[in-house]
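Notes to accompany the following structure.
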Amino acid sequence: MGDLRVRFAPSPTGYLHIGGARTALFNYLYTKRNGGKFVLRIEDTDVERTIEDSAEKMMESFKWLGLNWDEGPIVGGPASPYQQSQRQDLYSKYAQTLMDKGLAYRCYCTPEELEAEREQARLAKKAPRYSGRCRNLTQEQTREFENEGRKYAIRFVTPDQGNTVVNDLIHGEVSFQNEEIADFIIMKSDGLPTYNFACVIDDWLMGITHVLRADEHLSNTPRQMMIYRALPAPMPKFAHVPMILAPDRSKLSKRHGAQTVEEFRDKGYLPEAIVNYIALLGWTPPDATREIMSLEDMVEVFELSRVSSTAAVYDVQKLTWMNGQYIRQLEPEELVQKLIPFIESAGLATREELAPRKDWLIQAVITMQERARTLEDLAESMEFYFRPPGSYDEKGVKKHFAKPNVAGLLQKCTEVLSRMPDWSLEACEHAYTSLAQSEGIGRGKLIHPTRLALSGKTFGPGLFDIMYVLGRDETISRIGAAIQFINKLL
RNA sequence: GGCCCCAUCGUCUAGUGGCCUAGGACACCGCCCUCUCACGGCGGAGACACGGGUUCGAGUCCCGUUGGGGCUACCA
């Protein structure tokens, strides 16, 4: 093949979390930057842990993020199939090859026996490592185990001496003593391969030239290199990227709240923001001061030499800030399209109800756009555009309603507003400015109570924007309701 | 326990022996803009884990300690 080939190989045991997404992203960037092929492979050799639909959900997330694969499930490719559960015969075949060469052997130990052995080693304060007791079984012993009906796993014969040096593209040379590595299982007794074996066979057969994966696999790499040498198969280059940690510096897990791509999507984060943010977790662009970058921007300048070797803790606040940046960049019409599902799930209006009011919705969204952080928050904060406030902000009531004269002033406001020849933002503003003047008060004395009357809140878009979007009838009616509320107050 | 990786503001990071009285971003605080909030602008507080070396000179190189993470599985 000759060409650069890179892969991302998740195991379908859950949703795609941001750590996995980030590793996939680095793979993608590296491939596109260097003109190679990006292969997606599903590592589903653990029947117990594999979760139904997980692979499908992950692929959905990849597509949503814009990380499209050149070869893999759905799209196919010359190295099909791309799902390990469909490649069993391959693993058996090469395991047999290794056994024929005397580089692998059957191990009849039961999990219980192995556990007992480890336990003993722990008590004796020795390394809890497999002893190699089945390495040189006689034919007699083998027959005995078979007669007992024992199942066997296949172990790989690891070298007893020497060193294995990983030449990592990020960490440099990392050396491991071979004697530290015990004979490990490559085929489980259920006939399925283990990770360290399947991974090598597939990377080899799929012509993978560069293995970019999370740091946690650095210690597994010497094991895999031993298999490459035993087959023999050409060695790919390795690059171990730092892991992403939860805010408490522990490994990402479910109890840390939102962290899967799907969850972020459902909370109203944009794929562009997520991709941009996670890229910066461990990678710095050449111009480190320019942080807002599209996937295309990143492809142009991505280099492994600027990937750090330090684990990163993700910070939702910065992601959220970045999401706000992306929301602000959107054309209002596009934003509305993305927002509609969130307006629906906030129970404010249905898609059907919204359809004929598209122009109105755009106007409303424009007033809120620069305040938005996530689509979910944005939709929720637009509630007052859809229905009158159910209650008034408590502090606001004290500050703006519970003062002498407020009801009277609001009354005058409604009168002025209803007399205006036409309803526009400028006309509303002009009306308020002159009323304030003739009353000899600041505009704020009118504006703040009105905002509270219209939205129930003390913050939000400019008052005249709100009035314009609400329309004259609704505006006057809400002010009227507020006047009644104030009168009851006193 | 053994082996391996990692260590700059709260977080993400710049920094590859003198340009560092350590720069940027998020968050935080103050001021400005202003009808509020937000946006935006300006300013502030805030870090080289510790201890030894090497060197004229160390955040940058070496060693140790401490701390965090990973592997040591018939998980990946």
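All figures in this text were calculated on a predicted structure; none of them were measured in a lab. A, B, ... follow the sequence lines: proteins, then strands. Residue 1 opens every chain.
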Mind checking if [X] touches a base, just sugar-phosphate, or nothing, with heavy atoms under 4.0 Å?
{"X": "A:Ser175", "result": "sugar-phosphate"}
{"X": "A:Arg249", "result": "sugar-phosphate"}
{"X": "A:Gly442", "result": "nothing"}
{"X": "A:Ser309", "result": "sugar-phosphate"}
{"X": "A:Gln325", "result": "sugar-phosphate"}
{"X": "A:Phe464", "result": "base"}
{"X": "A:Gly462", "result": "base"}

Side chain of [X]: nearest nucleotide among [options]?
{"X": "A:Asp46", "options": "B:A27, B:A76, B:G2", "result": "B:A76"}
{"X": "A:Ser308", "options": "B:C74, B:U13, B:C35", "result": "B:U13"}
{"X": "A:His217", "options": "B:A38, B:C74, B:A76", "result": "B:A76"}
{"X": "A:Ser11", "options": "B:A76, B:U13, B:C74", "result": "B:A76"}
{"X": "A:Ile447", "options": "B:C12, B:C35, B:U72", "result": "B:C35"}
{"X": "A:Asp315", "options": "B:G40, B:A14, B:C26", "result": "B:C26"}
{"X": "A:Asn196", "options": "B:A76, B:G2, B:U36", "result": "B:A76"}
{"X": "A:Val313", "options": "B:A14, B:C35, B:U11", "result": "B:U11"}
{"X": "A:Ala288", "options": "B:C71, B:U36, B:A14", "result": "B:A14"}
{"X": "A:Arg373", "options": "B:A76, B:U72, B:C39", "result": "B:C39"}

**Asked** Is the base of B:C74 touched by the side chain of A:Thr194 through a donor-acceptor pair closer than 3.5 angstrom?
**Response** no
Next on the checklist: With a 3.5 Å cut-off and heavy atoms only, can you find an N or O donor on one side and an acceptor on the other between the side chain of A:Arg451 and the base of B:C35?
Outcome noted: yes
Looking at [X], does any N or O in its side chain come under 4.0 Å of the phosphate oxygens OP1/OP2 on [N]?
{"X": "A:Arg290", "N": "B:U13", "answer": "no"}
{"X": "A:Lys188", "N": "B:A76", "answer": "yes"}
{"X": "A:Thr284", "N": "B:C12", "answer": "no"}
{"X": "A:Thr310", "N": "B:A7", "answer": "yes"}
{"X": "A:His171", "N": "B:C4", "answer": "no"}
{"X": "A:Lys399", "N": "B:U36", "answer": "no"}
{"X": "A:Gln224", "N": "B:A76", "answer": "no"}

Base paired to [N] (Watson-Crick or G-U; both N/O distances under 3.5 angstrom):
{"N": "B:A58", "result": "none"}
{"N": "B:G1", "result": "B:U72"}
{"N": "B:A49", "result": "B:U65"}
{"N": "B:C19", "result": "none"}
{"N": "B:C9", "result": "none"}

I need the [atom1]-[atom2] distance between [X] and [N], as an integer number of Å.
{"X": "A:Glu291", "N": "B:G24", "atom1": "CD", "atom2": "P", "value": "12 Å"}
{"X": "A:Asp215", "N": "B:C4", "atom1": "CG", "atom2": "C1'", "value": "10 Å"}
{"X": "A:Asp183", "N": "B:U72", "atom1": "CG", "atom2": "P", "value": "15 Å"}
{"X": "A:Tyr314", "N": "B:A25", "atom1": "OH", "atom2": "P", "value": "24 Å"}
{"X": "A:Asp377", "N": "B:A38", "atom1": "CG", "atom2": "C1'", "value": "13 Å"}
{"X": "A:Arg328", "N": "B:G40", "atom1": "CZ", "atom2": "C1'", "value": "10 Å"}
{"X": "A:Asp248", "N": "B:G69", "atom1": "CG", "atom2": "P", "value": "9 Å"}
{"X": "A:Met382", "N": "B:C37", "atom1": "CE", "atom2": "C1'", "value": "16 Å"}

Aromatic rings [X] and [Y]: how do their planes relate, parallel, tilted or perpendicular, breaks at 30° and 60°?
{"X": "A:His448", "Y": "A:His400", "answer": "parallel"}
{"X": "A:Phe302", "Y": "A:Trp283", "answer": "tilted"}
{"X": "A:Phe401", "Y": "A:Tyr392", "answer": "perpendicular"}

Practice item. Decide whether a cation-pi geometry holds between A:Arg155 and A:Tyr130; the criteria are a distance under 6.0 Å from NZ or CZ to the six-membered ring centre and an angle within 45° of the ring axis. Key: yes
**Asked** Cationic tip of A:Arg106 within the cone over A:Tyr152's six-membered ring, i.e. under 6.0 Å and within 45° of the normal?
**Response** yes
RNA chain B nearest-nucleotide lookup for A:Glu173 and A:Arg371: closer to the 5′ end is A:Glu173
Residue pair A:Pro193/A:Val174 against RNA chain B: nearer the 5' end by closest nucleotide is A:Val174
Please state the [atom1] separation for the pair [N] and [M] - nearest whole angstrom.
{"N": "B:U66", "M": "B:C31", "atom1": "P", "answer": "48 Å"}
{"N": "B:C42", "M": "B:U34", "atom1": "C1'", "answer": "16 Å"}
{"N": "B:G18", "M": "B:C26", "atom1": "C1'", "answer": "32 Å"}
{"N": "B:C5", "M": "B:U11", "atom1": "P", "answer": "24 Å"}
{"N": "B:C39", "M": "B:A25", "atom1": "P", "answer": "15 Å"}
{"N": "B:C28", "M": "B:G69", "atom1": "P", "answer": "28 Å"}
{"N": "B:G30", "M": "B:G70", "atom1": "C1'", "answer": "44 Å"}
{"N": "B:A58", "M": "B:C20", "atom1": "C1'", "answer": "11 Å"}

Check: Hey, are A:Arg290 and A:Asp297 close enough for a salt bridge, meaning a charged N less than 4.0 Å from a carboxylate O?
Finding: yes
Problem - salt_bridge(A:Glu146, A:Arg150) N-O dist < 4.0 Å - result: no
*Would you say A:Phe197 and A:Phe184 make side-chain contact, with heavy atoms under 4.5 Å?*
no
Heavy-atom check, side chain of A:Thr458 versus side chain of A:Arg451, under 4.5 Å
no
query: Taking everything shown except A:Gln411 itself, do over 12 heavy atoms lie less than 6.0 Å from its CD?
result: yes
